[in-house]
Amino acid sequence: VVTWNSMIFGYAQNGYNEEAIDMFVEMRLEGLEPSDVTLLSLLSASANLGAVEEGKQGHGVALSFGLGLDRIMGSSILNFYSKVGLIDEAELVFSKMLDKDEVTWNLLISSYVRLQQIDKALDMCRSMRLANLKFDSVTLASILAVCSHSRNVMLGKEAHAYSIRNNLYPEVVVASSIVDMYAKCGRMGDARQVFDSTTNTNTIFWNTLLTAYVEAGHIGEALRLFYQMQLVSKPQDVTTWNVVIMGCMRNGDVDEAKYMFSKMQCAGIPPN
RNA sequence: CAGCGGUAAUCA
């Protein structure tokens, strides 16, 4: 079972969701009993694929093996239902869970943000505080996403201040969300300032400011940032290239866009 | 007793 688990878990972690599910089916055909780790992998793969039947089966198997709704299994099942859009089921699981932690709350909060149910999302944040849990970097990312979406720079600034007070600011997820929030609210100066004062960076973080420049029509700044990424050896992914190519197109420079498209493939990044 | 395992930020 441990061998099967590591196979299934490995597939699911690396985005091979179909393979993970196939492995699970094979394991059951062999007559082996899945453990909690098996089911967590299956639920994660089903959530990412939108595989409703497989995930429901996972839920059923968990129940039949008495693996109920502890905080990890419960959150995993909750994640599955919310990712496949069965929000009522997700809410039901949430209400039945006795042991909720930050992840449990974050799951429902981010679902509401995805569904644009902003008031519900913010209500959940308040309830989370009332339940004596503190916002973590993921909660803050959800709140900042609400600010980006609704162009609410006032709330965004509060979230920014909160992140500094509570030492969440060094987390790159939070820093990216803050840069994105300021940019979407039209505050490019603030976005840049946050960018420059962040030390823990990754590709998504750089992509966020790159996207902001392109959206603002500042193609020169975008290209400068793009080449600066290469200078500091920050890996560039398909999003990086998509944004730059789109920037060239918006700038009316089709030849440059085509050139970038071929450079992308030379860099070993297949188009998506 | 400890570890592992569940959520998250950028373009399309």
Side-chain angles (χ1 to χ4, degrees), chain A residues 2 5-6 8-10 12-13 35-48 55 58 62 67 69-83 90 93-94 97 99-114 124 128 133 135-149 159 163 168-169 171-184 191 194-195 198 200-215 222 225-226 229 234 236-247 249-250 264 269 271-272:
Chain A
V2 172
N5 278 353
S6 40
I8 296 172
F9 176 71
Q13 285 296 75
S35 73
D36 53 351
V37 175
T38 327
L39 288 165
L40 291 170
S41 304
L42 174 73
L43 285 162
S44 171
S46 307
N48 294 332
L67 294 172
L69 297 172
D70 73 22
R71 73 174 209 293
I72 306 281
M73 187 58 70
S75 291
S76 183
I77 291 167
L78 169 52
N79 177 46
F80 160 71
Y81 282 121
S82 80
K83 286 271 161 64
V93 170
F94 182 86
M97 287 176 63
D99 189 13
K100 303 186 184 80
D101 65 4
E102 290 85 349
V103 173
T104 320
W105 286 85
N106 288 341
L107 279 163
L108 213 50
I109 291 168
S110 64
S111 302
Y112 290 139
V113 173
R114 247 201 317 280
M124 286 299 283
M128 180 176 171
L133 289 171
F135 298 161
D136 67 7
S137 59
V138 176
T139 325
L140 220 52
S142 287
I143 294 171
L144 285 158
V146 165
C147 303
S148 295
H149 223 151
S163 74
L168 295 169
Y169 178 76
E171 299 210 32
V172 68
V173 173
V174 173
S176 304
S177 301
I178 293 171
V179 169
D180 186 56
M181 181 277 293
Y182 280 128
K184 294 249 162 69
V194 172
F195 181 88
T198 302
N200 258 342
T201 75
N202 63 11
T203 298
I204 295 183
F205 179 76
W206 283 73
N207 288 348
T208 304
L209 188 65
L210 191 67
T211 301
Y213 281 134
V214 166
E215 289 291 325
L225 199 67
F226 175 80
M229 275 180 95
K234 194 53 70 176
Q236 298 179 318
D237 63 10
V238 68
T239 297
T240 316
W241 290 93
N242 284 346
V243 170
V244 166
I245 290 167
M246 185 187 272
M249 293 297 291
R250 287 213 187 154
M264 174 176 87
I269 311 281
N272 66 3

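The chains referred to below are lettered A, B, ... by the order of the sequence lines, with proteins before strands, and numbering in each begins at 1. Just so it is clear, the structure is predicted and the values come from calculations on it, not from any experiment.
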> Base, backbone or nothing for each nucleotide of nucleotides 5-12 of chain B, written B, S, -, heavy atoms under 4.0 angstrom, 5' to 3'?
Replying inline: BBBBBBBS
> Quick check, are the ring centers of F94(A) and W105(A) under 6.0 angstrom apart?
Replying inline: yes
Under 3.5 Å, which donor-acceptor pairs link side chains of residues 38-45 of chain A to any protein atom two or more places apart or in another chain?
{"unit_1": "T38(A)", "atom_1": "OG1", "unit_2": "N5(A)", "atom_2": "OD1", "d": "2.4"}
{"unit_1": "T38(A)", "atom_1": "OG1", "unit_2": "S35(A)", "atom_2": "N", "d": "2.8"}
{"unit_1": "T38(A)", "atom_1": "OG1", "unit_2": "S35(A)", "atom_2": "O", "d": "3.2"}
{"unit_1": "T38(A)", "atom_1": "OG1", "unit_2": "S35(A)", "atom_2": "OG", "d": "3.3"}
{"unit_1": "S41(A)", "atom_1": "OG", "unit_2": "V37(A)", "atom_2": "O", "d": "3.1"}

> Residues two or more places apart in sequence or in another chain: which of them pass side-chain hydrogen bond (donor to acceptor under 3.5 Å, both in side chains) with D237(A)?
Replying inline: N207(A), T240(A)
>> With side chain to side chain donor-acceptor pair (under 3.5 Å) as the test, pick out the partner of S75(A) among D99(A), T104(A), D70(A).
In response: T104(A)
> Is any NZ, NE, NH1 or NH2 atom of the basic residue among E102(A) and R71(A) found under 4.0 Å from an Asp or Glu carboxylate oxygen of the other?
Replying inline: no
